[in-house]
> 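Here's a structure for you.
Hydrogens, waters and symmetry mates play no part in the numbers below; they use all other heavy atoms, side chains included.
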Amino acid sequence: MNLILYIHGKGGNAAESEHYEKLFPDSKVLGLDYKTFTPWETGGEIHEAVAGLKSEYENVILIANSIGAFFSMNANLDGMIKKAYFISPVVNMEKLICDMMTWANVTETELEEQEIIPTNFGEDLSWEYLCYVRNHPVSWCVPTRILYGGKDNITSLETMADFAKKTGAKLTVMQDGEHWFHTPKQMEFLDEWIRKAGQTQP
């Protein structure tokens, strides 16, 4: 039997995995409620979870949302999962952090000196986090399909297309989609995307 492992995004939870049970009726579907929120810690959590599941299931298939995909790409999963479905993945964290610094009018020098700077849009800027992503560029070799919303306000289409080209991932764009796929129309598109992907090779 296959195992579908769902990795949620910010503000999400493992219970969201229940949505995918109807899309994979012949597989076991689980969600991971990770307890940490940095790529080095959460990546370790995901790696440990997949390693344990690998011994129980023939194939592990990953579904990861937003920053959950970024954490997964920092989990050293090459050779451990059969394929991945990424929904609105964060694929260039360095650029995102630099964009947030611009929005908050924070310079690199200020961030290095203060180490952590809260912002008025609810995200703490971290010098340690920025240094980590610069020193650990994403390397991803798993057969992957990406669903991207044309109205995504986190990652540009150019950045997503560049990542897809570099990794060989297959990119699908829903023009009316947002970073958070949640409306009935968006979820219907997402479900059909997964169904069609399941009928073809990774």
Side-chain angles (χ1 to χ4, degrees), residues 1-34 42 46 49-50 53-54 57-75 77-78 80-93 96 138 140-202:
M1 177 183 283
N2 291 338
L3 184 283
I4 311 299
L5 180 63
Y6 176 76
I7 310 293
H8 64 80
K10 183 182 179 183
N13 57 68
E16 293 172 6
S17 64
E18 295 172 7
H19 174 83
Y20 300 93
E21 291 176 356
K22 67 180 185 294
L23 300 173
F24 296 93
D26 298 324
S27 302
K28 176 70 173 177
V29 179
L30 291 176
L32 178 65
D33 256 332
Y34 47 87
T42 314
I46 295 170
V50 172
L53 293 166
K54 241 335 229 182
Y57 296 91
E58 184 178 358
N59 295 305
V60 177
I61 296 170
L62 187 71
I63 300 176
N65 202 329
S66 188
I67 198 169
F70 173 70
F71 290 151
S72 297
M73 289 188 287
N74 281 271
L77 298 179
D78 290 354
M80 297 178 68
I81 59 177
K82 184 178 181 182
K83 59 182 176 180
Y85 298 92
F86 283 172
I87 304 160
S88 303
V90 174
V91 296
N92 190 333
M93 182 58 80
L96 179 56
V138 165
W140 187 247
C141 302
V142 175
T144 300
R145 291 178 182 270
I146 297 171
L147 178 59
Y148 174 82
K151 297 180 179 179
D152 192 313
N153 62 349
I154 300 294
T155 303
S156 69
L157 177 57
E158 180 183 13
T159 297
M160 194 65 69
D162 181 61
F163 172 81
K165 183 177 180 181
K166 287 179 178 177
T167 60
K170 297 180 181 179
L171 176 62
T172 298
V173 179
M174 180 186 182
Q175 295 300 339
D176 293 332
E178 303 167 81
H179 184 74
W180 178 32
F181 276 69
H182 66 289
T183 69
K185 184 179 179 182
Q186 291 167 357
M187 295 308 294
E188 183 180 349
F189 191 100
L190 185 156
D191 291 355
E192 187 61 21
W193 168 70
I194 286 184
R195 288 192 185 98
K196 286 182 178 177
Q199 296 169 2
T200 59
Q201 293 297 314

> Can you confirm whether T144 sits close enough to K83 that some side-chain heavy atom of one is under 4.5 Å from a side-chain heavy atom of the other?
no

> Got M1 and E58 here, is their nearest side-chain heavy-atom distance under 4.5 Å?
no

> Which atoms form the tightest heavy-atom contact between R145 and A197, and what is the distance?
CD-CB, 3.2 Å

> Are L190 and Y20 packed together at the side-chain level, in the sense that at least one heavy-atom pair is separated by less than 4.5 angstrom?
yes

> With sequence neighbours left out, what residues match M80 under side chain to side chain contact (heavy atoms under 4.5 Å, CB included)?
H47, V50, A51, L77

> Within the 4.5 Å heavy-atom criterion, are D191 and H19 side-chain neighbours or not?
yes

> With a 6.0 Å cut-off on ring centres, are H8 and Y34 close enough?
yes

> Ignoring hydrogens, what is the shortest heavy-atom contact between N65 and I87? Give both atom names and the distance.
OD1-O, 3.2 Å

> If I take atom CD1 from residue I81 and atom OG from residue S72, how far apart are they, to the nearest 0.5 angstrom?
7.0 Å

> Taking all non-hydrogen atoms of both residues into account, name the closest pair between S88 and H179 and its distance.
OG-O, 2.7 Å

> Report yes if the side chains of I194 and Y85 come closer than 4.5 Å at any heavy-atom pair, otherwise no.
yes

> Restricting to non-hydrogen atoms, name the atom on D78 and the atom on C141 that form the minimum distance, rounded to 0.1 Å.
OD1-N, 3.7 Å

> Which distance, rounded to the nearest 0.5 Å, do you find between the CD of Q186 and the CH2 of W180?
9.0 Å

> If you measure from CZ on F71 to OG1 on T42, what distance do you get to the nearest 0.5 Å?
4.0 Å

> Inspect the surroundings of NZ in K22 and state if more than 12 heavy atoms from other residues, nucleotides or ligands are less than 6.0 Å away.
yes

> Quick check on side-chain contact (heavy atoms from CB on, under 4.5 Å): which of L147, I7, L62 does F86 satisfy it with?
L62

> For the pair E178 and D152, evaluate side-chain contact (heavy atoms from CB on, under 4.5 Å) and give the outcome as yes or no after the intermediate values.
CA-CA 5 Å; E178 303 167 81; D152 192 313; over 6 Å; no

> Any heavy-atom pair between the side chains of Y148 and M174 that's under 4.5 Å?
no

> How close do I146 and W193 get, heavy atom to heavy atom, and via which atoms?
C-CZ2, 3.6 Å

> Is the distance between the ring centroids of F163 and W140 under 6.0 Å?
no

> Minimum heavy-atom separation for I61 and K82, please, with both atom names.
CG1-CB, 4.4 Å

> Which pairs of donor and acceptor atoms, one on a side chain in residues 153-160, lie under 3.5 Å apart (sequence neighbours left out)?
residue : atom : partner : partner atom : Å
S156    : OG   : T159    : N            : 3.1
S156    : OG   : T159    : OG1          : 2.9

> Are L5 and L53 side-chain neighbours, meaning at least one heavy-atom pair lies under 4.5 Å?
yes

> Tell me every residue that passes salt bridge (Lys or Arg N to Asp or Glu O under 4.0 Å) with K10, counting only those two or more places apart in sequence or in another chain.
E123

> Considering residues, nucleotides and ligands other than E21, do more than 12 of their heavy atoms fall under 6.0 Å from its CD?
yes

> Could you tell me if the side chain of L30 sits less than 4.5 Å from the side chain of K28, heavy atoms only?
yes

